[in-house]
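Notes for the one structure printed next.
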Amino acid sequence: MKRVVKQIMDKIKRFIDCYIPTETCNLRCHYCYIAQKRKFNNKILKLKRTYSDIKKAFSQERLGGVCLINLCAGGETLLSRDVLPIAKALIEEGHYVMIVSNGTISDRFKEISQWDERLKSHLFIKFSFHYLELVRLNILDRYFSNIKLMKENNVSLTVELTPSDELIGYIDEIKEVCLTELDTLCHVTIARDDRTDGINHLSKYDFQKYKEIWSTFDSKMFEFKSNIFYQKRNEFCYAGDWSLYINIDSGTIRQCYCGKLLGNIYNYDEPIKFEAVGARCILPHCYNGHSFLTLGDIPEITGTSYADVRNRKCSDGTEWLTPNVKYIMQSRLSESNKQYSFYRKFRINHQADSFREFMSTFKFYQKLHDIKIKNKH
């Protein structure tokens with residue numbers, strides 16, 4: 001009984017997005033951002049570290065407490081046999097682990113079903129719903145069987161559709177399948193075009209029309225992402241302190257997808273140098289703000305929790321999130337971390353401005369040099 005009470009009282013200290021360098025997949029989705037940038041290379045993660053090394057590197061002592069850790073590959077995360085042992089090692093350390101998967105590698109889900117209840121109670125699976133590929137390969141039944149297996153084993157989950165133009169003619173069909181197999185509708189994200197400087201939505205329709213088409217799924221995720229997409233963030237962001245972006249293979253720690261290099265998670269003898277991005281993020285908008293912002297990297301953005309954009313209630317009264325995972329996903333990073341003083345914020349922003357000015361000057365003279373060389377030849 002005491003153990004259950006402790007689980008319910010857990011508060012998230014940090015959110016850590018871990019990149020798994022597997023860049024191949026058993027599906028070929030037309031909207032895949034890895035395919036867009038021609039990054040598929042048939043590489044599957046073969047871990048150079050031991051699982052005990054990972055457990056030590058991600059210890060609660062080093063990270064300051066219980067963390068919510070996301071494991072996501074460039075391709076299909078569960079193609080690597082190392083991913084589930086990594087997840088177990090992190091959960092054994094007391095963390096909560098999320099795994100992003102296309103839901104088709106049945107052996108991995110059977111393996112999870114054999115875990116003890118303590119491990120399963122700290123696990124969350126994000127099932128990406130690639131409808132057309134599942135139909136093309138005739139594996140739709142396999143996909144939903146794996147989802148049902150996880151639900152039967154009290155593993156928290158969500159089902160998320162990437163809304164592409166090619167799917168518009170199948171919307172009613174997809175809804176019917178979801179209501180039949182899931183007893184509720186799936187969530188909807190936003191398809192993005194990583195080839196564009198603005199990280200635009202991937203559609204022939206303008207954004208307003210795109211929102212009108214896909215809002216019929218009544219998805220909190222789609223609603224939140226639609227509200228923040230294309231909005232440049234100028235508030236002080238605590239990514240780099242309250243959240244980190246880590247390559248699980250190399251161990252490199254960055255503030256966020258574009259932030260400073262903060263060190264290496266596998267340098268056990270060195271403390272992690274947590275440092276917030278501040279108000280000078282170089283991204284055009286926070287395209288994955290459904291994670292970073294709902295968890296509270298920008299404390300002023302409130303009203304929607306991470307649990308809201310992941311959970312669904314079924315008609316039989318059950319939910320996708322188990323109580324302890326729901327509690328963790330409802331908590332905010334500001335509850336376990338102190339906000340910076342005015343002077344610390346000022347210093348971080350001033351350093352970022354100075355660096356930008358330096359890089360702008362450097363690029364100008366580099367361009368001038370290139371022109372001189374070109375004219376000389």
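Note that this is a predicted model, so its numbers are computed, not measured. Quick note: numbers below take in every heavy atom, side chains included, and nothing from hydrogens, waters or symmetry partners.
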- Item | Qualifying residue for side chain to side chain contact (heavy atoms under 4.5 Å, CB included) with I20, from I248, N247, L47, I99 | I248
Give me the ring orientation class for [X] and [Y]: parallel if the planes are under 30° apart, tilted from 30 to 60°, perpendicular past 60°.
{"X": "F346", "Y": "F342", "answer": "parallel"}
{"X": "H285", "Y": "Y230", "answer": "tilted"}
{"X": "F15", "Y": "Y306", "answer": "tilted"}
{"X": "Y257", "Y": "F292", "answer": "perpendicular"}
{"X": "Y238", "Y": "W242", "answer": "parallel"}

- E117 bridged to K120 by N-O distance under 4.0 Å: yes
- Between D53 and K55, does at least one N-O distance fall below 4.0 Å, as a salt bridge requires?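 Not counted as a salt bridge, because no side-chain N and carboxylate O are separated by less than 4.0 Å.
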- Query: Within 45° of the axis and under 6.0 Å from the centre of the six-membered ring of Y266, does NZ or CZ of R49 qualify?
  - Reply: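 Verdict for Y266: a cation-pi partner in R49.
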- Does the ring of F236 carry R344 above it, NZ/CZ under 6.0 angstrom from centre and within 45° of its axis?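 No, R344 does not lie over the aromatic ring of F236.
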Answer whether the closest heavy-atom distance between the side chains of [X] and [Y] falls below 4.5 Å.
{"X": "E76", "Y": "S101", "value": "yes"}
{"X": "F222", "Y": "V309", "value": "no"}
{"X": "T158", "Y": "F127", "value": "no"}

- Query: Do L137 and L78 sit in the same hydrophobic cluster, where Ile, Leu, Val, Met, Phe, Trp and Tyr count as joined when their side-chain heavy atoms come under 4.5 Å apart?
  - Reply: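 The answer is yes; both residues are in one hydrophobic cluster.
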- What pairs with R332 under salt bridge (Lys or Arg N to Asp or Glu O under 4.0 Å), at least two apart in sequence or on another chain?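 R332: no salt bridge (Lys or Arg N to Asp or Glu O under 4.0 Å) contacts found.
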